[in-house]
Amino acid sequence: EPPLLVTKGAPEAVLSRASQVREVHTARPLQRAEPARLAALSESASADGFRMVAVGSRTLAPEEIRRLMRAVEGIEDADRLERDLVFEGVILFADPPKAGVSDTVAELARDGVAVKVLTGDHELVARHVAREVGLAVEGALTGEEMRSLTHPALVARAKQTTIFARLDPDQKLQVIRALHESGEVVAFLGDGINDAPALHTADVGISVDNATDVARSAADIILLEPSLA
């Protein structure tokens with residue numbers, strides 16, 4: 001059988017690269033109204049606190065396989081491969097906050113530490129989690145909105161923003177630099193490969209024991225227990 005390319009990511013990102021949708025066992029053309037319907041589904045699930053990952057696929061053509069085999073890095077530009085996808089569906093994840101986080105958030109506030117959420121997730125997911133842990137949301141910015149801001153405008157907004165949603169890794173770095181420039185001392189907690197630059201740039205980089213090797217290497221502090229406290 002020819003190799004199958006499988007792509008996963010934010011629903012809107014996978015949809016933007018899809019031309020068909022899976023229905024039962026057959027792929028059919030994506031109809032004009034379906035992106036809006038799927039976006040509404042995503043909004044509803046996000047508002048309920050579910051994290052949502054969309055999945056798309058495409059059978060690779062023989063010439064694409066030959067190109068991949070010849071590629072020095074063994075991979076092609078994603079824009080050339082991740083196109084004309086069949087939108088396979090979505091996966092919902094329930095990711096509730098750990099017990100006791102609300103108490104820790106309140107304690108941090110009493111100590112004068114402002115907690116901010118920097119995430120690749122949907123803004124509504126982040127707002128749901130914030131409500132569950134008693135974190136007051138002063139303002140929110142998405143990665144798309146950040147791209148329209150000048151750096152001085154981001155510096156002015158960052159202190160008054162609690163949630164930064166749908167961020168790419170470089171934008172996490174931009175937020176930390178903006179907070180630095182507004183006079184703040186910044187700690188950053190992260191566990192993935194993409195978090196390493198932000199961990200390195202923050203005044204205090206904090207990671208966890210089961211984080212990726214790259215994140216642990218970039219951190220100043222490693223938490224040995226799975227607890228924000």
Side-chain angles (χ1 to χ4, degrees), residues 9-17 35-36 39-40 42-47 49 51-54 77-79 95 97 101 104-106 108-207 214-215 218-221 228:
E12 60 268 28
V14 176
L15 264 173
S16 70
R17 295 173 182 269
S42 176
E43 292 265 320
S44 173
S46 298
R51 301 173 68 185
M52 180 179 278
V53 174
D77 176 31
D79 284 331
D95 191 10
V101 170
T104 309
V105 168
L108 286 165
R110 287 194 296 273
D111 289 341
V113 178
V115 174
K116 298 182 183 295
V117 179
L118 280 65
T119 179
D121 282 334
H122 197 291
E123 178 188 337
L124 292 176
V125 175
R127 284 184 178 274
H128 181 91
V129 172
R131 280 196 304 274
E132 288 204 313
V133 302
L135 176 62
V137 177
E138 194 174 349
L141 268 177
T142 65
E144 186 177 354
E145 289 167 337
M146 271 181 59
R147 281 187 277 276
S148 68
L149 295 178
T150 62
H151 185 67
L154 179 60
V155 172
R157 293 275 299 273
K159 281 182 76 168
Q160 282 74 47
T161 301
T162 306
I163 289 173
F164 298 85
R166 282 287 191 248
L167 297 190
D168 62 37
D170 185 58
Q171 288 176 321
K172 291 182 180 181
L173 207 53
Q174 289 175 39
V175 171
I176 289 170
R177 287 173 174 156
L179 290 167
H180 273 155
E181 289 183 33
S182 66
E184 297 296 320
V185 175
V186 184
F188 178 82
L189 173 60
D191 63 358
I193 292 172
N194 290 334
D195 290 323
L199 286 164
H200 183 74
T201 302
D203 296 295
V204 184
I206 307 168
S207 197
V214 174
D220 302 298
I221 295 172
L228 187 62

Item checked: His200, NE2: over 12 other non-hydrogen atoms inside 6.0 angstrom -> no
Between [Y] and [X], is there a side-chain heavy-atom distance shorter than 4.5 Å?
X: Leu149; Y: Leu141; answer: yes
X: Leu135; Y: Val117; answer: yes
X: Leu179; Y: Lys116; answer: yes
X: Leu167; Y: Met146; answer: yes

What's the spacing between [X] [atom1] and [Y] [atom2] if we round to 0.5 Å?
X: Met52; Y: Ser46; atom1: CE; atom2: OG; answer: 6.0 Å
X: Lys172; Y: Leu199; atom1: NZ; atom2: CG; answer: 9.0 Å
X: Arg147; Y: Gln174; atom1: CZ; atom2: CD; answer: 9.0 Å
X: Leu173; Y: Asn194; atom1: CG; atom2: CG; answer: 11.5 Å

Nearest atoms (heavy-atom pairs only) where [X] meets [Y]:
X: Ser42; Y: Pro11; value: OG-CG, 3.9 Å
X: Glu132; Y: Pro97; value: OE1-CD, 3.0 Å
X: Ala140; Y: Glu123; value: CB-OE2, 3.6 Å
X: Leu189; Y: Leu228; value: CD2-CD1, 4.1 Å
X: Ala165; Y: Asp121; value: CB-O, 3.5 Å
X: Ala196; Y: Val214; value: CB-CG1, 3.5 Å

Check: side chain to side chain contact (heavy atoms under 4.5 Å, CB included) between Asp195 and Phe188: does it pass, once the steps are laid out?
Finding: CA-CA 9 Å; Asp195 290 323; Phe188 178 82; 3.8 Å; yes
Margin query: Just to verify, which of Glu144, Gln171, Glu12, Glu145 counts as forming a side chain to side chain donor-acceptor pair (under 3.5 Å) with Arg166?
Written below: Glu12
[X] side chain vs [Y] backbone, donor-acceptor pair below 3.5 Å:
X: Asp220; Y: Gly205; result: yes
X: Asp168; Y: Asp170; result: yes
X: Thr162; Y: Glu138; result: yes

Margin query: Any carboxylate oxygen within less than 4.0 angstrom of a Lys/Arg side-chain nitrogen, looking at Glu184 and Lys159?
Written below: yes
Notebook entry, point to check: Side chains of Glu43 and His122: donor-acceptor distance under 3.5 Å anywhere?
Noted result: yes
